[in-house]
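The figures that follow rest on heavy atoms only: side chains count, while hydrogens, waters and symmetry mates do not. Lettering follows sequence order; numbering is per chain, from 1.
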Amino acid sequence: MSPAWQNLRADFPILDQQVNGQPLVYLDNAATAQKPQCVIDALTQFYRRDNANVHRGIHALSMRATFAYEAARERAARFFNAAEPGEIVFTSGTTDSINLVASAWGDANLRAGDVILLTEMEHHSNLVPWQLLARRTGAQLRYLPVVAGDSGLLDLAQLDRVLKPDVKLFAFTHVSNTLGVINPAADLCAAARKVGAVSVVDAAQSAGHLPLDVRALGCDFLAASAHKMCGPTGIGVLYGRRELLAAMPPYRGGGSMISNVEYFESQWAPAPQKFEAGTPNIADAIAFGRALDYLDDLGREAIARHDEQLATLAYARLQAEVPGIRLLGPARHRSGVVSFDLKGVHAHDVVTMADQEGVALRGGHHCNQPLMRKLGLSSTSRASFYFYNTEAEIDRLVATLQKIQRFFAG
Amino acid sequence: MSPAWQNLRADFPILDQQVNGQPLVYLDNAATAQKPQCVIDALTQFYRRDNANVHRGIHALSMRATFAYEAARERAARFFNAAEPGEIVFTSGTTDSINLVASAWGDANLRAGDVILLTEMEHHSNLVPWQLLARRTGAQLRYLPVVAGDSGLLDLAQLDRVLKPDVKLFAFTHVSNTLGVINPAADLCAAARKVGAVSVVDAAQSAGHLPLDVRALGCDFLAASAHKMCGPTGIGVLYGRRELLAAMPPYRGGGSMISNVEYFESQWAPAPQKFEAGTPNIADAIAFGRALDYLDDLGREAIARHDEQLATLAYARLQAEVPGIRLLGPARHRSGVVSFDLKGVHAHDVVTMADQEGVALRGGHHCNQPLMRKLGLSSTSRASFYFYNTEAEIDRLVATLQKIQRFFAG
Amino acid sequence: MHDLTDLYQSVILDHNRRPRNYSVLPTANRVGSGNNPMCGDQITVYVRLEGDRIADLSFQGSGCAISQASASLMTVHLKGKTIAEAEAIYADVHRLVTTGQVDDDNLSDLAALAGVHQFPARIKCATLGWHAALNAAKGDPQPVTTEKPGD
Amino acid sequence: MHDLTDLYQSVILDHNRRPRNYSVLPTANRVGSGNNPMCGDQITVYVRLEGDRIADLSFQGSGCAISQASASLMTVHLKGKTIAEAEAIYADVHRLVTTGQVDDDNLSDLAALAGVHQFPARIKCATLGWHAALNAAKGDPQPVTTEKPGD
Ligand SMILES: Cc1ncc(COP(=O)(O)O)c(C=O)c1O
Ligand SMILES: Cc1ncc(COP(=O)(O)O)c(C=O)c1O
């Protein structure tokens, strides 16, 4: 790893702390990423200099806030290579974005008998909204399976069997938050288009990690969360193809999403305003824009390479040096997420013990209960890497798991 | 005004700046309030020390984040005097809170022929969600009128006529963002309860300004935005009575709002988690808690007195010193919002010109189009005060409006 | 600090006080409307199109001095022009209100709109009537709304 | 830094490795279940209630060492107790796992749970089985879920 990456750690003040007497090793990046000082500064500066409500304001602060907010939208459009800023809707995160599609597109376009296709590895946030939509409309859910075994790959041989013309919408995750699998998103979107289905890409785990271009993917909708991309909590985006957003009814009602309101009826503003009712999360949108600058300065290809290098190394070392460990997901060509089951030690005990060594892991079902059940597990431990993690931290991880194993073996 | 209030200005770094060569006079508080340094620091400290995802985490950072997030919920419960923290749902703001009620409570409880009662002074955010709900369910909207003239008071003599047993829900604003009127919220809630209607209080303009106690009000739901209460953008609360929240279906689907997920069906977590799908706006919720401390340290009675004093003075001086001005709302017993129409000068021109003098006003329909039409106006200019505003700033306002009038008179 | 008279030049104040062609045009064969939902500016433009020529036009509406004066100036300048000529004039006006730069010395009193570029929140006010008129002339049935980012 | 053996005392490790009364109780007349949806801990408790006395009880489930050991200890300590006695014991245990303080010197090996209070995220694990058992004994048909703030 080039020393330049090591130097990045200085941009992240939170990494420089001791936890339980040990230097923090933060390996919970799939849950949320840390924030560089420049993103924190963007928040501080907004509140210290420019804070005002947007859109309806003419005074100086309000203009600054409006221009900065809309510049963040343009920044996000560039980041995802949308055709225009109007294809970017600010939401409160991936979950909100997916619910927006389920509610605004889904209720208007689905009826009894239609099929919503998902995969067996979806996060609850890309699963429960479709269950609720299916219940409201009478549409049915269908699943593209994961292959048997622990590689976690989608069973693409079954795609033609499940993706038939009765499928009106195909929603799938780009990168699994439990398995570390990277799905062939462009191929899946193309397959969806071939049967006339709308495609929804859950990019929560990919947007800050891989090069991502909505036009190259060919997706209709794409959802992401700023907090997993070095941005603040409470903000995210929905990308939607212009024609689809234009035809959709609103999501929530309120200020700023209207063109005309009367006591008994109203007309809507064009997208994206139509989907942004009320005062938006102005400060966090602006700070999110700054996070996108930061990521693009590093280069997303470079981040992806770094993530994969660390994850592949961690996978190989855990496999070799921790007896009885069960690793999920592929050994290579993977994202930074490495989930595992340590024989005889429950994930909670692993995480509590690792925390005593300053190593931050996550344990549980990772919002992936049905997949866990299919794998015969109730929970796993998970180490997830980002660009500020180092090989030395993998040493700490391996040593910690070995220590835990020794302790439990008594 | 006691000098202690003057000293407060030092807590708000944004106030200490020049706009167009003049010291900023920020009179756009009804749109959004400014943030004291302690709230900004709460954000910075969270991201520099404690940032992690909540609920599912066991490691040190995640525990700190979870406890701080839940402490913010407890803080909000205390602020509003809810019976328990579980009655506080974090949302992205007032608009989101009202949409939550319209969608989760409304769809489950309303049917064709039922009546939703509103008042003629509602903000679009407390109007459009009910229009959408009415369209979905076949329920009807009905309005409690505002009395003729410019006092802006609700016509309470008509309450019995419109609040009949066919009314299933009565939603009204506590304080008007256009008129500065303070409505008798406790009486309206009691009247709603008498006919068996659920009451929804839009507290966007009151929560940071008046003493507020949901049990004293006797409301079923109450909605507020942090950004109007010295807190950050992107976070707000819905208070809901425990029994109502418990009986409601979820709002959005996703992580953290479930108790069990299978591929084809799921069970929900208890409230408030049931309504908080996905990663919440952790940092802003925590900073919001700090803002509530700040407001309670000042004392809400004292803030309300200060707001009213300034607004009453501004109203009287504008009336006396600016010929031809048309002032909306009552002369006394009012909130800090003072809307007016300057004869012969459009509100946008007023606001642009005032901005040249460093005075930040808002001009437009204030998300209140139907009320504007009823008043025979397309827009007004609005000065809105908060506790950091001073009498000297009223001097600047009056002088600026006089100057604008002279300019336009040619 | 900008000088207020940069924005509110005497031409603007005059057209605001006494808007030209402020009426319903009885012979109109095209109507366009525009509104700025953020502020409540509202304009209706009436056009009599003969072939591809704007034989006559008028407007009515309510809004700030900038939107009313700009619409009034617009009626004066577009009367008698072909659609192509009208578009060329609007291209100049758009450049003027967004950058303050004048390309065309023939803009005459339209140059009074140059100050708008220093007030970005007001650019929409200045272009509202022009959008509505061109849409009407070109037969685009969509009402103009300015509530678009980057517009 | 806490010592790991504060939390994972040998009593805990032993009860986790060899849980007592880990079975379905054929003579049970009450069943209670609890789950911690955040982590996937899952416990079912079988109770034979005779009058107001817990004549016998057993459990099954899956979860972390703390939840399994605490449930195992619970079965040992509640067997033969009246509901009132069981509630009193649980009150002590609750105080123990939330504060680390022992009121009652009779807690014997339950004192091994004292370390839990230093690990607030794990308190729910330690109380899950107890909640389920008391709910079953008191006939509360609601499954226990720990997903409540402040629980
Ligand atoms: C009375 C009233 N209700 C609702 C709202 C909407 O609040 P928000 O935009 O924060 O969702 C506002 C704020 O503009 C308001 O003044
Ligand atoms: C694959 C995937 N989808 C969706 C989500 C939900 O994102 P958020 O909680 O930010 O809404 C997550 C994050 O936990 C995720 O990993």
Side-chain angles (χ1 to χ4, degrees), chain A residues 13-14 19 28 31-32 34-35 40 43-44 47-49 51-53 56-61 92-93 95-96 99 123-125 128-129 131-132 141 143 227 232-235 252-255 258 261-264 266 277-279 281-284 348 351-352 355 360 362-364 367 369-370, chain B residues 13-14 19 28 31-32 34-35 40 43-44 47-49 51-53 56-61 92-93 95-96 99 124-125 128-129 131-132 141 143 225 227 232-235 252-255 258 261-264 266 277-279 281-284 348 351-352 355 360 362-364 367 369-370:
Chain A
I14 200 171
V19 164
D28 194 17
T32 203
Q34 297 304 342
K35 323 305 174 200
I40 302 172
L43 285 175
T44 308
Y47 286 128
R48 288 179 62 98
R49 258 185 0 211
N51 177 62
N53 213 325
R56 286 152 304 204
I58 302 177
H59 62 77
L61 269 51
S92 64
T95 303
D96 193 27
N99 278 274
H123 187 279
H124 294 166
S125 288
V128 179
Q131 289 184 343
L132 293 170
L141 300 180
Y143 287 89
H227 72 92
T233 56
I235 187 88
R252 296 187 286 236
I258 54 90
V261 176
E262 311 202 11
Y263 281 126
F264 295 96
S266 301
T279 301
N281 189 347
I282 306 166
D284 289 329
H348 283 189
V351 176
T352 292
D355 185 52
R362 194 143 287 237
C367 292
Q369 286 185 352
Chain B
I14 199 169
V19 164
D28 194 18
T32 203
Q34 298 303 343
K35 323 306 173 199
I40 302 172
L43 286 174
T44 307
Y47 286 128
R48 288 178 63 97
R49 256 183 3 208
N51 176 61
N53 213 324
R56 287 152 304 206
I58 302 177
H59 62 77
L61 269 51
S92 65
T95 302
D96 194 27
N99 277 274
H124 295 165
S125 290
V128 179
Q131 288 185 345
L132 293 171
L141 300 181
Y143 286 90
S225 297
H227 73 92
T233 56
I235 187 89
R252 295 187 286 236
I258 55 88
V261 176
E262 313 204 8
Y263 282 125
F264 295 97
S266 301
T279 302
N281 190 348
I282 306 165
D284 289 328
H348 283 186
V351 175
T352 293
D355 185 53
R362 194 143 289 237
C367 293
Q369 287 185 352

Problem - A:Q34 side chain vs B:N51 backbone, donor-acceptor pair below 3.5 Å - result: yes
Handout entry: Minimum heavy-atom distance between B:G255 and A:C367, given as atom pair plus value
Key = CA-SG, 3.8 Å
Exercise for the section: Sequence neighbours left out, what passes side chain to side chain donor-acceptor pair (under 3.5 Å) with B:S125? Give chain and number order. Expected result: B:T95, B:H123
Exercise for the section: Look only at the side chain of A:T233 and the backbone of B:A283, and say whether a donor-acceptor pair between them is shorter than 3.5 Å. Expected result: yes
Practice task
List in chain and number order the residues that pass side chain to side chain donor-acceptor pair (under 3.5 Å) with A:H59, two or more places apart in sequence or in another chain; answer none if no residue qualifies.
Solution key: B:D28
Exercise for the section: Heavy-atom distances under 4.5 Å only: say whether B:I40 touches chain A with side chain, backbone, both or neither. Expected result: side chain
Fill in the blank from the handout: Honestly, the part of A:L141 sitting under 4.5 Å from a heavy atom of chain B is both
Practice task
Could you please spell out the steps behind the side-chain contact (heavy atoms from CB on, under 4.5 Å) verdict for B:R362 and A:N53?
Solution key: CA-CA 10 Å; B:R362 194 143 289 237; A:N53 213 325; 4.0 Å; yes
Practice task
Taking all heavy atoms of A:Y263 and all of B:Y143, pick out the closest pair and write down the distance.
Solution key: O-OH, 2.6 Å
Problem - N/O donor-acceptor pair under 3.5 Å between B:N99 side chain and A:G253 backbone - result: yes
Handout entry: Shortest non-hydrogen contact from A:L61 toward B:V19
Key = CD1-CG2, 4.0 Å
Exercise for the section: Indicate yes or no: at least one non-hydrogen side-chain atom of A:Y47 is less than 4.5 angstrom from one of B:P232. Expected result: yes
Practice task
Test side-chain contact (heavy atoms from CB on, under 4.5 Å) on A:R48 and B:I14 and set out the steps.
Solution key: CA-CA 5 Å; A:R48 288 179 62 98; B:I14 199 169; 5.7 Å; no
Practice task
Before giving the answer on side-chain contact (heavy atoms from CB on, under 4.5 Å), spell out for B:I58 and A:D355 the whole-Å C-alpha distance, their side-chain angles and the decisive distance to 0.1 Å.
Solution key: CA-CA 8 Å; B:I58 302 177; A:D355 185 52; 6.0 Å; no
Problem - Selection from B:S225, B:S92, B:A277 maximising heavy-atom pairs under 4.5 Å formed with chain A - result: B:A277
Exercise for the section: Under 4.5 Å, counting heavy-atom pairs only, tell me which of A:A31, A:G93, A:G234, A:G254 racks up the most with chain B. Expected result: A:G254
Handout entry: Interface moiety of B:R49 toward chain A, non-hydrogen atoms closer than 4.5 Å
Key = backbone
Problem - 4.5 Å side-chain heavy-atom contact, A:F264 and B:P370 - result: no
Practice task
Using non-hydrogen atoms and a 4.5 Å limit, figure out which bit of B:N281 sits close to chain A: side chain, backbone, both or neither.
Solution key: both
Practice task
Name the region of B:Q131, side chain, backbone, both or neither, that has any atom closer than 4.5 Å to a heavy atom of chain A.
Solution key: side chain
Handout entry: Interchain contact, B:V261 with chain A, by part (heavy-atom threshold 4.5 Å)
Key = both
Completion exercise
Note: B:L132 and A:R252 closest approach over all heavy atoms is CD1-C, 4.3 Å
